[in-house]
Protein chains: 2
Amino acid sequence: MKGISIKDIAKQAGVSPTTVSFVLNGKAKEKRISEQVSKKILKLASKLKYKPNQLARGLRTGKTKTIGLIVEDIANHFFANVAKIVEEEADKYGYKVLYGSTEDNITKARGLLDVLEYRQVDGYIITPTPGMDKEIEALKHARKPMVLLDRYLPQIPTNYVMVNNFQGAYDAADYLVKCGYKNIALVTIPSEQIQMKERLDGFTAAMKAHQAPFPRKMTKKIPFAATKDEALSEIKSFILGNPDLEAIFFSTNYLGIYGMEAFKELGLTIGKDIAFISFDDHDLFRLYSPGITCVAQPIHDIARHVIQVLMNELDNNHNEINQVILPATLVKRESCSRVKSQKA
Amino acid sequence: MKGISIKDIAKQAGVSPTTVSFVLNGKAKEKRISEQVSKKILKLASKLKYKPNQLARGLRTGKTKTIGLIVEDIANHFFANVAKIVEEEADKYGYKVLYGSTEDNITKARGLLDVLEYRQVDGYIITPTPGMDKEIEALKHARKPMVLLDRYLPQIPTNYVMVNNFQGAYDAADYLVKCGYKNIALVTIPSEQIQMKERLDGFTAAMKAHQAPFPRKMTKKIPFAATKDEALSEIKSFILGNPDLEAIFFSTNYLGIYGMEAFKELGLTIGKDIAFISFDDHDLFRLYSPGITCVAQPIHDIARHVIQVLMNELDNNHNEINQVILPATLVKRESCSRVKSQKA
DNA sequence: TCAGAGCGCTAAATCGATTAAGCAGACTAT
DNA sequence: ATAGTCTGCTTAATCGATTTAGCGCTCTGA
């Protein structure tokens with residue numbers, strides 16, 4: 001059950017393995033192999049269905065044509081979609097993808113990095129967890145091709161591709177204020193991670209620009225590590241504790257989903273009792289009645305840029321840094337459709 | 001920037017590479033290497049942060065410790081979740097996962113298989129597309145470890161892990177009839193694929209068992225290749241063409257989502273105008289108001305069994321065939337909650 | 001005293017490709 | 001005639017691990 005090797009072809013063609021290798025690597029001209037021999041080899045290769053052993057090749061060349069994709073959670077809508085495009089795009093360049101989820105846990109992330117190193121991946125796409133600075137620094141120092149995804153580490157200049165979190169959150173707050181809502185709250189995670197900070201900053205900046213009050217107590221932070229039940233009850237008691245609440249912005253996809261669940265359990269109607277807006281789009285938001293207004297990320301563009309930047313690193317060694325920030329889109333649906341004139 | 005190799009350790013320890021290899025592979029005892037030497041080598045290995053080159057190892061042993069995961073669509077909720085568990089479980093056995101989506105397209109599937117063969121994956125997890133029989137047969141003939149996922153090919157006895165489609169659909173129909181609905185329709189894809197056939201069969205069987213009428217015109221088939229817009233308009237015109245319709249069963253996750261969209265566009269209320277039930281659970285179904293009743297697949301169990309069966313193949317060579325069919329769960333929510341007594 | 005076993009380790013082949021170096025033979029130029 | 005060049009290919013080293021066969025030594029028992 002052995003595969004066909006370059007030696008088998010060589011033997012049958014009556015030439016040396018070297019010649020076969022040259023021909024199959026398209027170096028026939030360069031290495032001055034005759035047409036005759038070239039053709040014979042090519043014919044034999046396709047007749048025998050020769051498939052180069054990537055292990056042997058990789059061992060020799062030091063390239064595996066494999067990239068490592070580290071995401072927060074491959075089962076999450078955003079990352080699953082990114083993973084899909086990444087795989088498709090990588091394939092066009094002859095690369096395959098190994099993946100893994102960190103759950104935003106640095107220990108898991110370290111484990112993944114280790115394994116990917118064992119596997120000699122050629123490049124890394126990484127959604128960094130909190131506290132991952134040292135590891136990223138190490139990769140950078142080792143000059144490994146790498147792109148950060150969805151977030152970046154402000155202390156370390158690296159390639160990254162992400163959405164414009166500030167602008168996305170700004171637009172959301174801007175929209176809520178323009179719709180005439182007062183007493184607007186934000187639900188987020190107490191993370192030092194830059195993407196969360198930027199969402200908070202963008203939101204705050206918009207409120208300030210409108211001179212709309214946004215006291216600290218209107219920001220609710222739910223620990224990432226909270227269980228679903230804990231998160232739900234935190235959200236519910238936050239809502240109950242703020243009876244004047246007119247609108248809530250949830251700073252992530254999954255918090256938004258928890259928010260909907262909380263509303264459901266409290267018997268509140270989205271858009272009617274309290275306006276509702278979330279970061280990140282989702283089937284759920286699109287199809288819910290009322291449709292949930294959200295700040296959508298350009299998932300395809302993100303994935304495509306990630307691969308482009310990585311391939312650029314992989315090809316060239318000139319180390320310009322690519323930092324791509326793509327615009328977020330405010331998708332207006334019915335969950336916060338009140339307009340100023342309707343205000344009492 | 002070269003990594004540390006076994007030779008480096010050997011040199012520093014003053015022994016041969018062979019000895020190092022024995023020790024690091026836990027064969028110290030078996031190969032009668034002294035405690036002293038063993039310890040020295042182990043200490044050096046961890047001091048130098050030795051990481052075995054998997055390529056070299058793979059080349060020699062013929063094992064890559066990599067498995068190929070071929071799904072229909074990694075961005076789909078079901079497959080994304082399977083992919084997550086598969087990765088976690090595989091990791092426990094020291095395996096990494098390469099993935100790819102077929103879009104249910106045989107050409108794409110062939111491409112994926114080719115690439116995975118190049119990459120010398122040790123085993124395959126495959127969601128077969130229609131017409132993939134020859135390829136699966138070939139893998140089987142080559143005695144490659146393999147498990148089919150989500151569906152199987154009736155003509156070819158292989159390992160597989162899937163949900164009990166017949167029972168799931170049967171329960172759904174049974175439930176609808178017991179709730180008192182008449183004029184029940186089924187929306188599916190016109191696929192010869194076994195999982196779809198079994199869902200249709202299960203549904204039909206339940207209707208028959210209740211002596212409930214289920215004429216052919218109550219089955220609507222939407223081509224898998226249809227665009228979203230096409231699918232939507234097909235579903236809408238089907239609904240409009242059947243004004244007596246009381247309940248619809250959608251045989252897949254994504255058809256259910258299209259169905260919800262169609263309802264929304266037609267201004268129909270799920271559960272009130274027409275009862276609604278879908279195969280496969282989804283955040284959307286859980287959180288929608290009303291909650292969407294569905295036939296849930298035991299995703300975790302499926303993924304875990306897949307890995308177990310594959311690892312079993314990978315370990316042993318005794319070729320018993322493992323065919324695992326896991327029960328589906330009817331998750332009752334409000335989208336078809338009418339009970340018999342309420343019927344006019 | 002000497003064959004045979006046990007001990008602790010090593011030499012060298014091997015996996016399948018890539019690639020630097022180089023070797024004959026034909027031809028060219030002086 | 002002789003050095004130099006070009007042609008068309010081959011030899012052999014190499015990547016980093018695994019693994020078979022076996023080496024040199026000591027010890028034991030008859």
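Letters A, B, ... mirror the listed sequences (proteins, then strands); counts begin at 1.
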Have Q54(B) and R119(A) got a donor and an acceptor in their side chains that come within less than 3.5 Å? no

Inter- and intrachain pairs under ring pair (Phe, Tyr, Trp, His ring centres under 6.0 Å), touching residues 94-114 of chain B, at least two apart: Y99(A)-Y99(B)

Mind calculating the distance between CD (Q120(A)) and P (dA17(C)) to the nearest angstrom? 19 Å

What pairs with T18(A) under side chain to side chain donor-acceptor pair (under 3.5 Å), at least two apart in sequence or on another chain? none

How many whole angstroms separate atom NZ of K65(A) from atom C1' of dA17(C)? 15 Å

From NZ of K11(B) over to P of dT10(C), roughly how many Å is that when rounded to an integer? 14 Å

Atom NZ of K31(A) and atom C1' of dC6(D): how far apart are they, to the nearest Å? 15 Å

Using only heavy-atom distances, determine whether the side chains of D104(B) and Q193(B) contain a donor-acceptor pair under 3.5 Å. yes

How many Å lie between CZ on F22(A) and C1' on dA21(C), as a whole number? 10 Å

Against the side chain of L59(A), the closest entry in dC15(D), dT10(C), dT7(D) is dC15(D)

We want to know whether T64(A) and D122(A) form a side-chain donor-acceptor pair, criterion being a heavy-atom distance below 3.5 angstrom. yes

Phosphate oxygens OP1/OP2 of dT19(C): is one of them under 4.0 Å from a side-chain N or O of T18(A)? no

Considering only heavy atoms, which members of residues 33-58 of chain B lie under 4.0 Å from some atom of DNA chain C? I33(B), S34(B), V37(B)

Locate the shortest heavy-atom distance separating M146(A) from N159(A); write the atom from each residue and the value. O-ND2, 3.0 Å

Is the phosphate of dT19(C), meaning OP1 or OP2, less than 4.0 Å from a side-chain N or O of K27(A)? yes

For the side chain of T61(B), starting at C-beta, report the closest nucleotide among dT18(D), dG8(C), dT19(C). dT18(D)

For L148(A) and I136(A), what are the C-alpha separation, side-chain angles and deciding distance, and is it a side chain to side chain contact (heavy atoms under 4.5 Å, CB included)? CA-CA 9 Å; L148(A) 266 33; I136(A) 300 293; 4.1 Å; yes

Spacing of R32(A) atom CZ relative to dT10(D) atom P, expressed in whole Å: 13 Å

Closest to the R60(B) side chain: dT14(C), dC9(C), dT7(D)? dT14(C)

Reckon S21(B) has a side-chain N or O less than 4.0 Å from the OP1 or OP2 of dT18(D)? yes

Does V20(B) or I6(A) map to a spot on DNA chain C nearer the 5' end, using the closest nucleotide for each? V20(B)

Does S16(A) make a side-chain N or O approach to OP1 or OP2 of dT10(D) shorter than 4.0 Å? yes

To the nearest Å, give me how far apart NZ (K29(A)) and P (dC6(D)) are. 19 Å

Between atom NZ in K63(A) and atom P in dT14(D), what is the gap in whole Å? 21 Å

